[in-house]
Amino acid sequence: MSAPHSEAAHTHAHGAHGTHGSGESHGTMGSYLIGFGLSVVLTAIPFALVMMGSLDRQTTALLVLGAALVQIVVHMVYFLHMNTRSEGGWTMMALVFTVVVVLITLGGSLWVMHHLNANMMPTPEQMSAMP
């Protein structure tokens with residue numbers, strides 16, 4: 001016969017406070033609602049800025065970009081539960097590595113395209129000399 005399943009064994013297997021042994025948190029209804037509320041606000045503000053059109057295009061674009069960056073952080077913290085404690089810090093290290101690789105790739109691509117544009121395009125004098 002098998003031993004009855006005890007609550008202590010269940011608590012030990014799944015952790016005492018809704019976490020796994022690696023410090024991973026599942027979040028609460030309150031934290032999900034906070035994340036959802038922040039996401040709604042961070043979506044509504046740029047939408048309102050664009051629809052009202054009261055600011056110049058560059059300022060509006062910078063504010064929309066800023067709200068998007070803040071919303072990425074909100075999603076990572078409240079929905080993906082990324083912090084320095086989860087998975088022994090490896091999720092944060094993976095995020096930092098990914099951001100560095102993306103920045104190097106974007107920066108290098110923009111640098112190459114700029115130099116190709118500057119060095120490969122014919123000058124106005126060359127354009128007028130063409131038949």
Side-chain angles (χ1 to χ4, degrees):
M1 286 188 142
S2 65
H5 182 70
S6 68
E7 185 64 33
H10 181 74
T11 302
H12 177 70
H14 293 289
H17 300 288
T19 62
H20 292 286
S22 62
E24 173 185 348
S25 173
H26 287 294
T28 62
M29 179 65 83
S31 71
Y32 283 124
L33 289 174
I34 290 170
F36 178 73
L38 289 171
S39 296
V40 168
V41 169
L42 290 168
T43 300
I45 290 172
F47 184 80
L49 287 172
V50 171
M51 293 304 291
M52 289 188 311
S54 58
L55 300 173
D56 63 293
R57 291 179 67 156
Q58 186 176 8
T59 304
T60 302
L62 287 174
L63 289 173
V64 168
L65 182 62
L69 292 174
V70 172
Q71 192 167 51
I72 289 170
V73 173
V74 166
H75 284 217
M76 289 186 334
V77 170
Y78 287 99
F79 300 122
L80 298 177
H81 311 294
M82 291 185 73
N83 58 38
T84 56
R85 296 179 313 269
S86 63
E87 300 289 333
W90 283 107
T91 54
M92 192 59 65
M93 288 297 285
L95 174 67
V96 169
F97 177 74
T98 302
V99 167
V100 168
V101 168
V102 166
L103 289 176
I104 289 172
T105 303
L106 285 174
S109 297
L110 292 172
W111 181 67
V112 166
M113 287 188 287
H114 169 74
H115 284 280
L116 283 174
N117 184 43
N119 295 322
M120 299 287 291
M121 295 297 294
T123 62
E125 295 82 29
Q126 291 173 333
M127 290 294 287
S128 62
M130 288 184 175

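Hydrogens, waters and symmetry mates are skipped; everything else that's a heavy atom, side chains included, is used.
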Practice item. Return the orientation label for the F79 and Y32 ring planes: parallel under 30°, perpendicular over 60°, tilted otherwise. Key: parallel
Revision key, fill the gap. In this structure, CG of L62 is separated from CG of D56 (nearest 0.5 Å) by 9.0 Å
Check your understanding: Going hydrophobic residue to hydrophobic residue with side-chain gaps under 4.5 angstrom, can you get from V77 over to M82?
Key -> no
Point to revise | Euclidean distance, H75 NE2 relative to L42 CG, rounded to 0.5 Å | key: 8.0 Å
**Study point:** Side-chain touch S39/Y78, heavy atoms, less than 4.5 angstrom
**Key:** no
Point to revise | Separation between CE of M76 and CE of M92, rounded to the nearest 0.5 Å | key: 6.5 Å
Review point. Do V74 and I45 share a hydrophobic cluster (ILVMFWY, side-chain heavy atoms under 4.5 Å, transitive)?
Key: no
Exercise for review: Indicate if L80 and V99 have the same hydrophobic cluster label, given that clusters are the connected sets of ILVMFWY residues with side-chain heavy-atom separations under 4.5 angstrom.
Suggested key: yes
Check your understanding: When hydrophobic residues are tied together by side-chain contacts of less than 4.5 Å, even through go-betweens, does L106 share a cluster with L65?
Key -> no
Check your understanding: How long is the gap from CG on N83 to OG1 on T91, to the nearest 0.5 Å?
Key -> 6.5 Å
Practice item. Please report the closest heavy-atom contact between P46 and V64, naming both atoms and the distance. Key: CB-CG2, 3.7 Å
Point to revise | Transitive ILVMFWY side-chain link V41 to L49, under 4.5 Å | key: yes
Practice item. Find the distance between OG1 (T43) and CG (L38) and round it off to the nearest 0.5 Å. Key: 10.5 Å
Practice item. Supply the atom-to-atom distance L116 CG to W111 CH2, rounded to the nearest 0.5 angstrom. Key: 9.5 Å
